[in-house]
Engineer: 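Okay, handing you the structure first.
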There are 2 protein chains.
Amino acid sequence: MSQASRLKQSIEDAVIAGEFQPGDRLDEASLAERFGVSRTPIREALLQLGAEGFIDVRPRRGAIVSVPSPTRLFEMFETMAEIESACGRLAARRLTPDNDAAMEAAHRACETAARAGDSEQYYADNRNFHEAIYRASRNSFLADQAFALHKRLSAYRRIQLRARNRLLQSLQEHAGILEAIRAGDEQLAATRLHDHVLVQGERFSDMVLGLSPGSQSPAESRRETAK
Amino acid sequence: MSQASRLKQSIEDAVIAGEFQPGDRLDEASLAERFGVSRTPIREALLQLGAEGFIDVRPRRGAIVSVPSPTRLFEMFETMAEIESACGRLAARRLTPDNDAAMEAAHRACETAARAGDSEQYYADNRNFHEAIYRASRNSFLADQAFALHKRLSAYRRIQLRARNRLLQSLQEHAGILEAIRAGDEQLAATRLHDHVLVQGERFSDMVLGLSPGSQSPAESRRETAK
DNA sequence: ATTTCTAATCTTGCATACAATCCATATATG
DNA sequence: CATATATGGATTGTATGCAAGATTAGAAAT
């Protein structure tokens, strides 16, 4: 495999692990030295990560780890909630024994971690549980989208899990989600997943956007993509 | 702006316009000559388009315009349906006069094109209508995701529109969608948008996947991302 | 002390050169 | 005749060099 691919993965991992924090500069020369390669493959890796939205590459001004505004962050979580809902809906419709078993196994692992109060372990097992749901949608394209967004949000998700110490609550929500999927109740599965991801974020999101049903409010729909 | 950015846009446009068809090779030397630049910015543009899923860059084997399998294509349309549903749901909840007016204008343009039987014009206006809905979700991140997927599917969507000559039917569905959004009926808006995008694709998708509710069927959930 | 202008330095963007791998054609062999 | 193998050509992957824009530090002026 090419160096650029490996580098892309390495840089992505470093960002996810929190080694590079949001706002940190990712200058090509330093990274090139660190990985013992020239700037070229570094550049290619950074541009790809930028295209995936993982980092922010500003023309002539270098790359930084994205610093989403609070509004943007809520938008990302809201989108995640919608995508996970969709996965849950399809999973409820199409569940196979294989996928059921995979979700069950992941859920049991979460249970163990939660009982032990191991936040870090729960974080990892939680990820597996959600990924099992993505796969259970039997739509690999949708699952890939879900994976990608999940990764982009991982830094903030971890904070959320820790801050609220909501391990046990999270676990119970997982149980409810599993139940709905197994019952084939698409609507319920979607709703529970949506709420699980967004928690109370939905109302908060509406609040941040300065909205109440039927009200007017300009707030231009800004777009960030550099064109 | 950098050359690579312009090139990326140019190549993307050429793919959307159908100048490069699915399966066509995009070799760096030819593109470099065509645009009068060196291979470097071409390479960067191709890698970015690859990261966005627009084209397929295979290590050491060059880039080609993606050729999704029928299964993959249905998955993409199904995902589009879910994302558009989400946009419609949020639009119904948060509709502002500005967004309402934008949708109305786009709808009128579609009406004119449909009455004139101008398939090409309808294609363009249809795009504007859907983009107006994305924006009406008041979630710019979700809207960006929707834009991106819409672009990736544009080639196939055009075929679909032409082949079925369903201009007038499409227009009526648009009217129904608008009505539901204006009524603030989230559920109805979501359902109508879903059906509009997928038409009868949902059942077909289930069929292709070899599924019926409760049945088992292995069919490993393959992943395409190069790691 | 604060602000503004200028210049030196640093970083990115692109071109070119070279190395490594892949592909196709042709040749050899069973 | 079919299959396997080798060799030459073509294409991608990486390194290096140079040019252009951006950032920072310092000096001058208010």
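Letters A, B, ... mirror the listed sequences (proteins, then strands); counts begin at 1.
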Engineer: Do you see a donor-acceptor pair shorter than 3.5 Å between the side chains of B:Glu84 and B:Tyr134?
Structural biologist: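 B:Tyr134 and B:Glu84 do have a side-chain donor-acceptor pair below 3.5 Å.
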Engineer: Just by distance, with hydrogens left out, do A:Asp27 and A:Ser30 show a side-chain donor and acceptor under 3.5 Å apart?
Structural biologist: yes
Engineer: Considering residues at least two apart in sequence or located in another chain, which fulfil the salt bridge (charged side-chain N to carboxylate O under 4.0 Å, His left out) criterion with A:Glu44?
Structural biologist: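 A:Glu44 satisfies salt bridge (charged side-chain N to carboxylate O under 4.0 Å, His left out) with B:Arg43 only.
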Engineer: Which two nucleotides bound the region of DNA chain C that has atoms under 4.0 Å from heavy atoms of chain B, read 5' to 3'?
Structural biologist: C:dC14 to C:dC23
Engineer: Side chains of B:Ser140 and B:Arg135: donor-acceptor distance under 3.5 Å anywhere?
Structural biologist: no
Engineer: Quick one: what's the B/S/- string for nucleotides 7-14 of chain D, heavy-atom cutoff under 4.0 Å, read 5' to 3'?
Structural biologist: ----SBBB
Engineer: Checking side-chain polar atoms at under 3.5 Å, does A:His107 have a donor or acceptor matched by the opposite partner on A:Asp125?
Structural biologist: no
Engineer: Taking A:Glu12 as the fixed residue, which of A:Arg152, A:Lys151, A:Arg6 is the one that meets the salt bridge (charged side-chain N to carboxylate O under 4.0 Å, His left out) rule?
Structural biologist: A:Lys151
Engineer: Would you say B:Leu90 and A:Glu78 make side-chain contact, with heavy atoms under 4.5 Å?
Structural biologist: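 Sidechains of A:Glu78 and B:Leu90: in contact.
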